[in-house]
Every structure is written in structure tokens, then in C-alpha cells.
Enquirer: 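Structure in C-alpha cells, see below.
Values below: every heavy atom of this structure, side chains too, minus hydrogens, waters and symmetry copies. From a predicted model like this one, the values you see are computed outputs, not experimental measurements. Heads up: numbering here begins at 1 and tracks the sequence.
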Amino acid sequence: MKVLLTGGAGFIGSHTAVALLEAGHEIVALDNLYNSSPEALKRVEEITGKKAPLVVGDCTDEKDLRKVFEQYGHIDAVVHFAGLKAVGESVQKPLDYYQNNLDSTFTLLRVMRMYGCHALVFSSSATVYGTNQEMPLREDFPTGCTSPYGWTKWMNEQVLTDCAHADEKLKVVLLRYFNPIGAHESGRIGEDPAGIPNNLMPFICQVASGKLDHLNVFGSDYPTPDGTGVRDYIHVCDLAEGHVAALEYAMGHAGVEIINLGTGEGYSVLDIVHTFERVNGLKLPYQITARRPGDVAICYSDVTKAERLLHWHAKRNLEAMCRDSWNWQKHNPQGYGK
């Protein structure tokens, strides 16, 4: 099938492009390059030996979306990654987040309908589970969010659910990601955050490379084995393969499915630090600091539904996540700016 990837030049989008191309599908990416680089898709072509065309444009602009559908012929399905994604920034700029992240979905759905495209996989997030205390998190658990970013994911899920209920042709899979880390094993594509990273693994990599002098570990008094927060980390290539499985499922199933993509296991911050040190032969300076407001002690997924419906499960372990993250960083110290 031919798949449009909105935000396809980003971290998860570029890895999903590789997975789709290697599975025999065609792709086209639409990206405004706000937090991504066209170099990522050039390297996707290098990895796969297949075309990964990029249209520079904005998903909130109907003309840009229509250009893709008209230029590249019939598109069978869309994976919708496009959106602003920094939790902290969303608190400071809520209107920007609500306008961009919702408008992109509204515009996309209208254009899909114009051109007879009826299958969509949406990039959602485990943030929609809010502060649920029961673990592992299952898709039928209560939802609620602690940031405007999270609420945009929650609202988009609701919009897509309502549209699928109103249109019997529409096939939607809502993928709730946990914590993607790692990089392609080639070291040619990976996560390239602008400025000081918001997420743990890019921060660790920048400390390991000397760009930052130490890692801050936020809290060591949680009710966990080592006192640091526990999260479900998933290798980005496993996540990408989950999108291929979700698309193939969506093509044959009308309506909406909500599916977690994680490993079903929890790793603490210090688990990540010590595993990274061990597999890469490095020492990471870190400091224990105060907890961050809103952080929960433990968060990990129930992946039973993904295994049952998609016949998918994460295959790569924590060692691979740490090894591949550093392999990307050490060969691309300036990210795609090298």
C-alpha cells in the first residue's frame, strides 16, 4: 500500500518509514521541518535503497495536504505523527498546542475524505492515562491528562473516534506510545532534539558525549526498587514495526481500536543509566535532585491487546536500546546538522 506519513521526517516517523519500506510498502512524507530535518529521509533512502519522497508543507494547510494527494496518486492510508510535542512547552504555550495539534487532524480528515482515503493510524501517547496508580496500564483504564500536550492527544483520540462512528468507511487505530528510545542499528537515523533535550535518553547521550556535564535524576525517594522513577521504554524500531502491524490491521477493520505500544516492563532511571554505562563502556556523571511536579513513581503498559490483535510484540531489549542510542550519538554528534 501507499502510506502518507505526516511528520514523517521526525524521530518516530523516519524509523516508521524504514519499517514500511522494508515491508514492501510505498511512503510519502509531509513535514514542515519545525523539529526535524530532510536529511533523515535521505538516510532512510540510503538504508532501504528505496524512495522516501518528502513534501515540505504543513498539515494544518489544506493546500499542502491536497498537493500530496494529487501529486502522488491514490494514498491508501495515513500515519499521523505531525504535531508539537514538548510537554513543558505546552504548559507555556497552550494555545499554540491546541491550535496546531487539533487543526492538523481536522484538516487531514477533511482531505482524506475528499480523496477517498479511509485508513488512519494516530500517534497518541500514554500521557492520556493521567495519574492512574494501577499498573500495568490497560486500554480500558480511565483517562485524564496533566498538560495541554496530553490533552491534545486525548482530544484527537475523541475526534477520531467520533468521526469513525459517523463514517462506516473510516478505519482508525489509536496507538498509545510509552517511551521510545534507541535508534536504527545502522546509526544513520536517530533522535535529534533541538536545544537541551526533554527526554532521558537524548540527555544521557549528550552527557556521554560531553555536550552536557551531568545528568539530573529527578527524585530518589519513590516507592521503587532503587528510589527512581520507573517507565516503560521501547526501542523505536520495535515501535516502528508496531505501526506497520497497525496499518495492516486497520486496512481490514472498520471502526476504532485503541492499542498500547510498549514492552510491558518497567525500567528505572538508574536501570537506564547503569545499563548504558555497561554496554557502552562509559561512566555517566549524575546528580540526584528534587522530584519534578506531576511525575508518577511507576508507569508501564499492558501489551496483551497488541499481541492479540496485531500479532506484535517488542523484540529488542534494554541493552539494544542503550547501545543503538549511543551508536547514533557518537557517529552524529551534531545530529543531522553534521
Side-chain angles (χ1 to χ4, degrees), residues 11-12 14-16 18-19 125-127 129 135-137 175-193 197-209 212 214-220 222-243 245 259-286 288 295-304 306-307 310 312-332:
F11 175 45
I12 303 171
S14 59
H15 286 80
T16 301
V18 169
S125 167
T127 57
Y129 290 115
M135 296 293 149
L137 292 166
L175 295 179
R176 291 177 178 169
Y177 306 164
F178 279 70
N179 295 270
I181 60 175
H184 192 268
E185 63 182 4
S186 66
R188 298 298 290 155
I189 58 173
E191 190 167 8
D192 185 18
N198 291 299
N199 299 324
L200 176 61
M201 186 57 79
F203 208 112
I204 285 175
C205 286
Q206 293 198 13
V207 171
S209 68
L212 300 172
H214 72 278
L215 171 71
N216 288 320
V217 176
F218 298 104
S220 61
Y222 288 106
T224 63
D226 63 21
T228 63
V230 168
R231 299 290 182 272
D232 187 338
Y233 293 93
I234 178 173
H235 197 295
V236 66
C237 292
D238 280 326
L239 187 70
E241 290 163 8
H243 286 76
I259 302 176
N260 289 336
L261 290 186
T263 63
E265 296 183 49
Y267 303 104
S268 75
V269 175
L270 291 183
D271 285 336
I272 302 287
V273 168
H274 297 322
T275 303
F276 188 96
E277 290 178 324
R278 177 169 52 79
V279 301
N280 296 311
L282 297 166
K283 288 298 291 181
L284 293 171
Y286 65 88
I288 303 295
D295 276 356
V296 297
I298 301 173
C299 177
Y300 64 97
S301 62
D302 183 315
V303 292
T304 307
E307 293 172 348
L310 306 184
W312 169 93
H313 65 275
K315 297 178 289 190
R316 297 163 179 89
N317 61 18
L318 184 57
E319 286 79 3
M321 299 179 211
C322 292
R323 182 183 60 248
D324 292 342
S325 294
W326 178 236
N327 187 44
W328 153 255
Q329 177 70 42
K330 71 182 179 182
H331 287 106
N332 303 272

Enquirer: Residues in side-chain contact (heavy atoms from CB on, under 4.5 Å) with Y286, at least two apart?
Expert: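 Residues passing side-chain contact (heavy atoms from CB on, under 4.5 Å) with Y286: L215, V217, L270, V273, H274, I288.
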Enquirer: Can you give me the closest heavy-atom contact between C205 and W326, atom names plus distance?
Expert: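 Scanning both residues completely, I find the closest heavy atoms to be O-CZ3, 3.7 Å.
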Enquirer: Restricting to non-hydrogen atoms, name the atom on T224 and the atom on T228 that form the minimum distance, rounded to 0.1 Å.
Expert: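 Of all heavy-atom pairs spanning T224 and T228, the closest is OG1-O, 2.8 Å.
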Enquirer: Do V236 and E191 have side-chain heavy atoms sitting under 4.5 Å apart?
Expert: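 A side-chain contact under 4.5 Å is absent here.
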Enquirer: From N327 CG over to S186 OG, what is the distance, rounded to the nearest 0.5 angstrom?
Expert: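 Going from CG on N327 over to OG on S186, the span is 8.0 Å.
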Enquirer: Using every non-hydrogen atom in the two residues, find where F178 and C299 come nearest and quote the distance to one decimal.
Expert: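 Smallest interatomic distance, heavy atoms only, reads CE2-SG, 4.0 Å.
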Enquirer: Which pair of non-hydrogen atoms, one from M201 and one from C322, has the smallest distance, and what is that distance?
Expert: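 Smallest interatomic distance, heavy atoms only, reads CE-SG, 3.9 Å.
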Enquirer: Show your reasoning for whether side-chain contact (heavy atoms from CB on, under 4.5 Å) applies to F218 and V269.
Expert: CA-CA 9 Å; F218 298 104; V269 175; over 6 Å; no
Enquirer: Quick one: which residue pairs count as a salt bridge (charged side-chain N to carboxylate O under 4.0 Å, His left out) with a foot in residues 270-281, not counting sequence neighbours?
Expert: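 Every salt bridge (charged side-chain N to carboxylate O under 4.0 Å, His left out) pair that includes a residue of residues 270-281, provided the two are not neighbours, is E277-K283, R278-E319.
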Enquirer: Can you list the residues that meet the side-chain hydrogen bond (donor to acceptor under 3.5 Å, both in side chains) rule with S209, with sequence neighbours excluded?
Expert: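 Per chain and number, S209 pairs via side-chain hydrogen bond (donor to acceptor under 3.5 Å, both in side chains) with no residue.
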Enquirer: How far apart are the closest heavy atoms of Y222 and G229, and which atoms are they?
Expert: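 For Y222 and G229, the tightest heavy-atom pair comes out as CD1-N, 3.7 Å.
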Enquirer: Applying side-chain contact (heavy atoms from CB on, under 4.5 Å), name anything that partners T263, two or more places apart in sequence or on another chain.
Expert: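 Scan of T263 (side-chain contact (heavy atoms from CB on, under 4.5 Å), adjacent residues dropped) gives D232, I234, E265, Y267, A314, M321.
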Enquirer: Just jot down the side-chain hydrogen bond (donor to acceptor under 3.5 Å, both in side chains) partners of N179, sequence neighbours excluded, or say none.
Expert: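 N179 satisfies side-chain hydrogen bond (donor to acceptor under 3.5 Å, both in side chains) with no other residue.
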Enquirer: Suppose the criterion is salt bridge (charged side-chain N to carboxylate O under 4.0 Å, His left out): which pairs have a residue in residues 176-185, not counting sequence neighbours?
Expert: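 As it turns out, the salt bridge (charged side-chain N to carboxylate O under 4.0 Å, His left out) pairs with a partner in residues 176-185, which skip direct neighbours, are E157-R176.
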Enquirer: Evaluate the side-chain proximity of H15 to D238: yes if any heavy-atom separation is below 4.5 Å, no if none is.
Expert: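 When only atoms from C-beta onward are counted, H15 and D238 do not touch, as no gap falls below 4.5 Å.
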Enquirer: Which heavy-atom pair separates P193 from P202 by the least distance, and what is that distance?
Expert: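 Shortest heavy-atom separation between P193 and P202 comes out as CG-CB, 3.9 Å.
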Enquirer: Please verify the inter-ring angle class for Y177 with H243; under 30° counts as parallel, over 60° as perpendicular, anything in between as tilted.
Expert: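 Taking H243 first and then Y177, their aromatic rings stand perpendicular (interplane angle over 60°).
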Enquirer: Could you give the distance from CD1 (I272) to CD1 (I204), rounded to the nearest 0.5 Å?
Expert: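 If we round to the nearest 0.5 Å, I272:CD1 and I204:CD1 are 6.5 Å apart.
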Enquirer: Quick one: does H235's side chain have a donor or acceptor within less than 3.5 Å of a partner on K315's backbone?
Expert: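 Such a contact is absent between H235 side chain and K315 backbone.
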Enquirer: I need the T304 OG1 to H313 NE2 distance, nearest 0.5 Å.
Expert: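 Answer for the OG1-NE2 pair, T304 versus H313, is 13.0 Å.
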